[in-house]
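Side chains included, hydrogens not; waters and symmetry mates left out as well; all remaining heavy atoms used. Proteins get letters first, then strands, A, B, ... in listed order; numbering begins at 1 in each.
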Amino acid sequence: MNRLQTLEEFDQWQLARQQEYNPDRPVITVCGGTGCRVYGSEKVWEAFRSELTRQGADGDLYYDVKVTGCHGFCERGPLVVIRPQGIFYSHVKVEDVPEIVSETILGSRTIERLLYVDPVSGEKIIHEHDVPFYTHQKRLILEKNGNLDPAEISEYIAGGGYSALAAVLRSWTPEQVISAVKSSGLRGRGGAGFSTGVKWSLCAANVLKTGDGYIVCNADEGDPGAYMDRSVMEGNPHSVIEGMLIGAYAMGVHQGFVYIRAEYPLAVKNLRLAIQQAEELGLLGEDILHSGFDFKLSVRLGAGAFVCGEETALIASIEGRIGEPRPRPPYPAESGLWGKPTNINNVKTWAAVPIIIRHGAEWYARIGTEKSKGTLIFSVVGKINNTGLVEVPMGITLRELIFDIGGGIPRGKAFKAAQIGGPSGGCLPAEHLNVKMDYESLTSLGAIVGSGGLVVADEDTCMVDFARYFMTFTQQESCGKCVPCRIGTKAMLETLTRICNGEGQPDDLEYLEELGSHIRASSLCALGQTSPNPVLSTLRYFREEYEAHIYEKRCPARVCKPLITYRIDVERCTGCMVCLRNCSGGAIQGEKGQPHSIDPEHCTRCGVCRNLCKFDAVLVA
Amino acid sequence: MISLTIDEQSIQVPAGRTLLEACREHGISIPTLCYHPALEPYGGCRLCMVELEIPGRPPRLVAACVYPCEEGLVVHTRSALALKSRMMTAELLLAGARGVPEIEQLAAELGVETVRFQLAETNTCVLCGLCVRACREIVGVSAISLIERGMAKKVSAPFELASSRCIGCGTCVLICPTGAFRFDEVAGFHNVEPTLEGYRRGYYRASGEIDLRPDFVQDLPALLRRQGQAGEAKG
Amino acid sequence: MDISIDDIDRIINQEAFGEGSLIAALEAIQMRYNYLPSEAIILASDRFGVPLSQIYSVATFYNAFSLKPKGKHCLQVCMGTACHVRGSPQVLDRIESKLGIQPGDTSSDHLFTLETVNCLGACALGPIVVTDGEYSGQMSIQKADQLLKTILRAEVKA
């Protein structure tokens, strides 16, 4: 690719790519996101390549096979969508490929068994745009993920990419850019929800004073269960690069960093490749498109510390230090990387910027609610039928998210709670299913939007154990600098552990609340300040569960091992000996054909017997 | 000059002061552990929390040692919220430092009556970081640092052995508020006789030649000598 | 593997683009040697002009770095929320008891290092175990047993 020297050359190049790109051209898109790769999608697309040749479908009927980023419907991977019709096949295996080529590609027939079946109506759905999981979404940031090869910058540009940058460089002033971002109502998608436009203007003012500054993309997505940033970086890295270019122009800075988790190797690879291609084309570097504007973007890897998702710890990490947060004020906009004004935004915030510039701030502000504009991406995981990434307008209800899009709870179990925002977040029980998903509504109920990670719990989830899980995580990730977080979360964890072990004391709940309140008010950084949220929120809505553990030494959800016993129902047991052979503690006794029994002394409550028993003869009480 | 209100007193300070500095200049006492006037404030112990009154919103606690004085701030250093915070922090500190006289005394002064939690191990070191920061900022050799993170955090020389950059000045021992710092554990091979009465607890007799593991080297020249290569050392 | 000063120097120079690339350099060395040899930490201190104690702090603060050589096979169990809810603790327990080690440790025969990882972002397939970079999804106690058997069988053959 030759370097594009001017804005005119960019326009011409874009036009040429658009003319090459025929929307009616048949393409088989195979999802290449990390999730589908674990399912084996790499073998699937290789099989398509060889099968198309073998069956002669790559001549006049020229079919392209494209590996895209994460489509979002992760529960159903590997996902294959045949375009332009949009025929949607899920759970595609290598063995299915020859049939797909001969029947659907060459024969125009759909293969029934690979179609998505609507769980409510029982209907088989042929086209992607009719799949309920997608129809309820409003995919702005994730829009291109199913149809873009992230390794080809020409595809991004053919689809309108970098036009926003070109428009800005051509005829917008930095002030106009900031004004547009302000009026769009875009709020930081990293979790805090601070007005992005205001944040940019603060940094821009400081850059004017000091003459220099930096911008950073926070791609250190550490919340366990949240992976939307990964999918954006894997599937559409140029959207972030373009957003950062526009932001750099607006704030008057010339260097930027993407701080990304090392645990996301595919995202790192695709991002690095995207930067390289952008540099080749002249969209990154000096005098971009002859505008006089310079911008250099570098990648910095995280090194396995959740705390580095916090702005000041992230800055310390880029500087080659340990990830200890620094007191604020001064805020990074005033003094950040190497003491210079620094603006840090989340991946999704940067990716929203080109969309806002292209469609207009007013258009964006029409989506969402009065104070929360635009769309949110949730990763809906846990006890849910349709695990995946979901982009919805702000203000959608939790009920719609869980049931209409999420497909409800597997195996007919009852919804218990949705935990939103990871270790910093709170949970929402069934009584709040009608809550609107936006910043203010969630905060008023003790939850947060946070990263958008949404974990669904059902009747078999113990909320005390769930809270303990998050406190364990916090303890492992605490940097250890300040007393309330370092020692306070340890105190909370040990108390929760005692409660789960049946050693809870009546005073424990009051202590947890007092301690939680203290840690929130006195910790140095947001990691500590938000760490009691899962505990305080579960105490608020599920106090009776805590009380059962303490006063009755009982775990209502039958999860906490010291409080449960495994027993075999002699009526149902056929004596097949499968459980006996697999028992990790050697606790099961019995003869073939005779009902078995479990010796509670040796039972480790590992649950293997219950998983294996085909007769549902293992009971937990 | 900046005007602000602390404990209903109207106070004027030059720009650039922190709340703690302003308080100390005006005879308002706030407990601290990790603060030292000769070092950059750390904000780690959280004992110096004071309450900020914010119109139209609930009050907020901030660490006085790092929070800058701003025009018009209204601060309460002894509000119920601030006192409770200090007491809770002291209780947590004591949970890991039972029997350490300085922490016992601090906790008593701040109103701790019962300690509802016990750490498995008692540690005289409370991770205030003064030793490490003094070694870096005042002495300038950075012989020791804080390693690991979370509850495993501790003060150590590189590789948890003696430090070759230590000059045996004893600043770390002097500045340690609890006397946790053992001079002989770090200085190792320096032979220093203490002469000042300020040293406490008798831990400070530097040991003589410590037998460093013969296969272990600590700086680049020694490393290269061992490797038998002619390398260039920058520093 | 032999530790070569020249090799480590080369890696450091390669990563030393612009300021603050210390962590990138350490990560590259970790990838090459499967741990951070003390030689690397000393060299990094000299080449970056940063006190040795600070490099050592960095090496011990971040999970990505290991100061001891890792085992031949690295098993990472995802402990993310979605995996937790689907039963990853039981999978971890099983692997712990079969190998006789805790997360963070290497087995005495240097064959296995066991680690926990916080969310790999493949939540639909939880619980997940990553073996030497290869992902295995929908893990259960039985599948964990199978995984270990497969690795050991391959070792015996080799």
Side-chain angles (χ1 to χ4, degrees), chain B residues 44 127 129 131-167 171-172 185-188 212-235, chain C residues 1-16 19 21-23 25-27 29-30 33 35-69 79 102-105 115-118:
Chain B
L127 293 176
C131 53
V132 167
R133 290 148 57 205
C135 189
R136 183 175 68 230
E137 291 174 38
I138 301 175
V139 183
V141 295
S142 292
I144 48 173
S145 64
L146 283 166
I147 66 168
E148 306 285 353
R149 69 181 193 218
M151 284 297 298
K153 209 173 188 75
K154 60 184 177 194
V155 176
S156 172
F159 304 103
E160 301 191 61
L161 295 173
S163 167
S164 61
R165 284 175 65 124
C166 171
I167 59 170
T171 305
C172 51
E185 282 175 1
V186 165
L212 289 175
R213 272 176 31 207
D215 62 341
F216 183 80
V217 291
Q218 279 249 13
D219 58 29
L220 193 56
L223 173 66
L224 297 176
R225 271 198 305 278
R226 185 183 72 174
Q227 294 267 345
Q229 290 166 358
E232 264 179 50
K234 263 194 337 205
Chain C
M1 189 180 227
D2 284 335
I3 314 286
S4 150
I5 304 276
D6 285 340
D7 188 35
I8 295 176
D9 230 347
R10 197 181 36 80
I11 295 175
I12 289 179
N13 285 332
Q14 216 171 297
E15 298 296 334
E19 301 182 67
S21 52
L22 167 67
I23 290 182
L26 292 178
E27 272 168 340
I29 297 169
Q30 168 82 33
Y33 289 98
Y35 77 115
L36 284 182
S38 53
E39 288 89 337
I41 296 179
I42 295 170
L43 258 171
S45 166
D46 182 82
R47 298 301 187 236
F48 281 97
V50 169
L52 182 60
S53 62
Q54 190 179 321
I55 311 272
Y56 190 70
S57 279
V58 168
T60 55
F61 182 88
Y62 293 100
N63 279 352
F65 303 129
S66 170
L67 292 171
K68 287 186 289 213
M79 297 306 278
Q102 293 283 300
D105 295 339
E115 290 174 351
T116 54
V117 157
N118 280 321

C:S38 to B:F159 - nearest heavy-atom pair and separation: CB-CE2, 3.5 Å
Minimal heavy-atom distance between C:S57 and B:L146, with the atoms involved, is OG-O, 2.7 Å
Looking at chain B, which one of C:V58, C:I55, C:I41 has the largest number of heavy-atom pairs inside 4.5 Å, strictly under?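 Option with the top pair count is C:I41.
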C:S53 side-chain N/O to B:S145 backbone N/O, donor-acceptor pair under 3.5 Å: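 Flag not set: sc C:S53 to bb B:S145 has no pair under 3.5 Å.
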Rounded distance [0.5 Å steps], OH in C:Y62 versus CZ in B:R149: 9.0 Å
Could you have a look at B:C135, B:S142, B:A152, B:G150 and say which one has the most heavy-atom pairs with chain C under 4.5 angstrom? B:S142
